[in-house]
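Heads up: the structure comes next, in structure tokens.
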Amino acid sequence: MKEKLSFRNYISGNRRTMVLLGMFVTAFFLIRLLFPTVGYDTDEWVVSPESTLLHWENLGRYSLVWMKRLTGNGANLYLMNGATAVNVYLYTVLFLYFLNRTGRAGGWKRDLLCGMVLVSAPIFCEQYYFTLQSAEVSFSMLLMMAAFLLTRRVLERWEWLSAAGLVVLLLFVFGAYQAFVNVYVVGVLICLYGRGSENKRDNLGRIGTALAIFFVSLLGHLGIAYLVRGGTFAAQSGYLEVVWLQEPFYIGLKNIIFAVGKVVLGYGTILNLSYTFCMIFVFVQIKRGGFALSWKHFYLLALLASPFLLHIVTGQPLNAPRAELSLPLLCAFLFWKYYGAGRWPSRALCLIIASQLVHSQLLMYSDYLRNENDKAIAEKIYKDCGADEDTVIVFKGVRRAEDSVPVLLGHVIGRSFFEWTPMTDVNNASVHRIRCFMEFYGMDFVCPDDATAARGEEIAFPAAYPEEGYIVELDGVYYVNLGD
């Protein structure tokens, strides 16, 4: 695509794509727009926003905190889901424009299908399940697309003002979510690949420029996070702990192999067959080139490795698919590149879109069923206890969503509040999380102290929920047996 292509010209020349993509995004998010749900962490945000903000500050997500304070501490789920859908549409359009600036145009159908691959990725379903931050994270992804375009400009022609603007943009985006570090690496590699240069000096120079901007931005992000925390380092939180510094080397290596294997084989809580096809595309391309060493092949292999950057740096398994947030962008780019290169890449693209649509819609519908089931359980317990805001309720055991309704389980999607267990007590559901969920729906009660909660372990319940006898009342405290 010619350098002079402007965003306005791209939009005006692709109106059909823009309209169809907007219709697709609306249809894709329809169930969340019409039937919003309360998921893990969203409950706690609604009840106690300040504790959530402090937790984010400790994790170095200062931009997320700033955006939340700017938009207010509201809990309008419809508004947050609507804003998320709009942001997803906008950043997909901007990403397609970015691709058209780095490669040759291939018609409206290619742009539309590759946009659909990006939107329908189940990994994003898992990410936007966290409604409390979905609007802010999706807006940060929109800013990341702007950073891609600015990176391309800086790598083409160095300008101090553009470079400074890029660093500021990255400081903000990195401060919204750690996984955006991975996402930016994908954008840089696409820019370098799109140049098509095989000149060693030229490539090394531009790699050096990209690394300088990346590390200045990353170090600046860490410095800001340190200052925001009041000059203290992050407390242990389970996020991004470096296994290499704590465990034998083989533990970290095993974690990386396990993470790569899951993605390559398309195995796990999130379907990743798109990566499997992309890996095939790349190796076929390299084979056609006679396995010759070239910069283009180097960038393609680096792109395949890029989703595992956090795994490599930390040595953690990082089972949450959100750690590989860059994966849909990588796959959308490779499908965009190889679309039209024979029949089978185009057919594979349609197959992946269909599989992602089915998987993502089942995940979102499962979350709706889980939410309705959790509300029904909460209402029955509240009614059977004759509870009000002064009633003390103790929960024993767990109750899983799949015990009552058919759900497709993701990493967090489809999992009930009545099965969420704290690390200190893996046998009993967290009364704090249950109370937050129930308070959101107007069923407030009092959490027990430790002594009162411990007494529940000594009670021999006649039955488990929902059978008669699942509630035992002692000294005005109601003990609820959810089940084993």
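FYI, side chains are in, hydrogens and waters are out, and symmetry mates aren't considered; it's all heavy atoms of this structure.
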Do [X] and [Y] come within less than 4.5 Å of each other through their side chains, counting heavy atoms only?
| X | Y | answer |
| --- | --- | --- |
| T52 | P49 | no |
| F180 | M141 | yes |
| R32 | T131 | yes |
| C125 | F28 | yes |
| R399 | S404 | yes |
| Y479 | F395 | no |
| V181 | F174 | yes |
| M116 | L113 | yes |

Using modelled atom types only, decide if a donor and an acceptor are shared between the side chain of [X] and the backbone of [Y] within a distance under 3.5 Å.
| X | Y | value |
| --- | --- | --- |
| S138 | A135 | yes |
| Q356 | V117 | yes |
| T42 | V38 | no |
| S416 | A401 | no |
| R370 | V407 | no |
| N182 | P307 | yes |
| Y10 | F98 | no |
| S274 | I352 | no |
| E126 | L363 | no |
| Y465 | I471 | no |

Quick one: pull up [atom1] in [X] and [atom2] in [Y] and give me the separation to the nearest 0.5 Å.
| X | Y | atom1 | atom2 | result |
| --- | --- | --- | --- | --- |
| Y478 | D384 | OH | CG | 10.5 Å |
| F308 | S326 | CZ | OG | 8.5 Å |
| F35 | L369 | CZ | CG | 11.0 Å |
| L20 | M18 | CG | CE | 9.5 Å |
| L192 | T102 | CG | OG1 | 11.0 Å |
| L143 | L150 | CG | CG | 11.5 Å |

Passes side chain to side chain contact (heavy atoms under 4.5 Å, CB included), F148 versus L94? Steps please.
CA-CA 10 Å; F148 284 2; L94 208 55; over 6 Å; no
If you look at every heavy atom in [X] and [Y], which pair is closest and at what distance?
| X | Y | value |
| --- | --- | --- |
| L482 | G397 | CD1-O, 3.7 Å |
| R415 | G410 | NH2-O, 3.0 Å |
| P448 | V431 | CD-CG2, 3.9 Å |
| G115 | L96 | N-CD2, 4.1 Å |
| V398 | A429 | CG1-N, 3.9 Å |
| D444 | Y382 | O-OH, 2.6 Å |

Could you please spell out the steps behind the side chain to side chain contact (heavy atoms under 4.5 Å, CB included) verdict for F277 and L351?
CA-CA 10 Å; F277 279 102; L351 176 63; 4.0 Å; yes
Step-by-step side chain to side chain contact (heavy atoms under 4.5 Å, CB included) determination, L408 to H359
CA-CA 9 Å; L408 175 65; H359 197 171; 3.5 Å; yes
Which residue in the set E136, Q127, R61 passes side chain to side chain donor-acceptor pair (under 3.5 Å) when paired with Y177?
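Answer after filtering E136, Q127, R61: Q127.
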Let me know which of D367, N371, N81 forms a side chain to side chain donor-acceptor pair (under 3.5 Å) with T37.
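Result for side chain to side chain donor-acceptor pair (under 3.5 Å) with T37: D367.
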Test ring pair (Phe, Tyr, Trp, His ring centres under 6.0 Å) applied to F417 and Y40, step by step
CA-CA 7 Å; F417 275 95; Y40 293 165; 5.3 Å; yes
So C114 and R110, side chain to side chain contact (heavy atoms under 4.5 Å, CB included) or not? Walk me through it.
CA-CA 6 Å; C114 291; R110 178 174 73 164; 4.2 Å; yes
Is the ring pair F7/Y97 parallel, tilted or perpendicular, if the boundaries are 30 and 60 degrees?
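The arrangement is perpendicular - the two ring planes meet at more than 60°.
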Looking at R433 and D41, is there a salt bridge between them, counting it only when a charged N and a carboxylate O are closer than 4.0 Å?
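Here D41 pairs with R433 in a salt bridge, since their nearest N and O are under 4.0 Å apart.
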Determine the sole option in L112, N14, L118, T26 for which the side chain to side chain contact (heavy atoms under 4.5 Å, CB included) test with L21 is passed.
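Among L112, N14, L118, T26, the one that satisfies the side chain to side chain contact (heavy atoms under 4.5 Å, CB included) with L21 is L112.
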What pairs of donor and acceptor atoms, side-chain ones from residues 327-338 against any protein atom, are under 3.5 angstrom apart with sequence neighbours left out?
{"unit_1": "W336", "atom_1": "NE1", "unit_2": "D111", "atom_2": "OD1", "d": "2.9"}
{"unit_1": "K337", "atom_1": "NZ", "unit_2": "Y193", "atom_2": "OH", "d": "2.5"}

Run the ring pair (Phe, Tyr, Trp, His ring centres under 6.0 Å) test against F124 and tell me which residues pass, sequence neighbours left out.
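Partners of F124 by the ring pair (Phe, Tyr, Trp, His ring centres under 6.0 Å) criterion, ordered by chain and then number, come out as Y128.
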Ring centres under 6.0 angstrom apart (F139, Y91):
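Here the rings of Y91 and F139 have centres that are no less than 6.0 Å from each other.
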Please say whether more than 12 non-hydrogen atoms of neighbouring residues, nucleotides or ligands are located less than 6.0 Å from OH in Y365.
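12 or below, so no.
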For the pair E50 and R69, evaluate salt bridge (charged side-chain N to carboxylate O under 4.0 Å, His left out) and give the outcome as yes or no after the intermediate values.
CA-CA 10 Å; E50 284 302 319; R69 292 198 184 278; 3.3 Å; yes
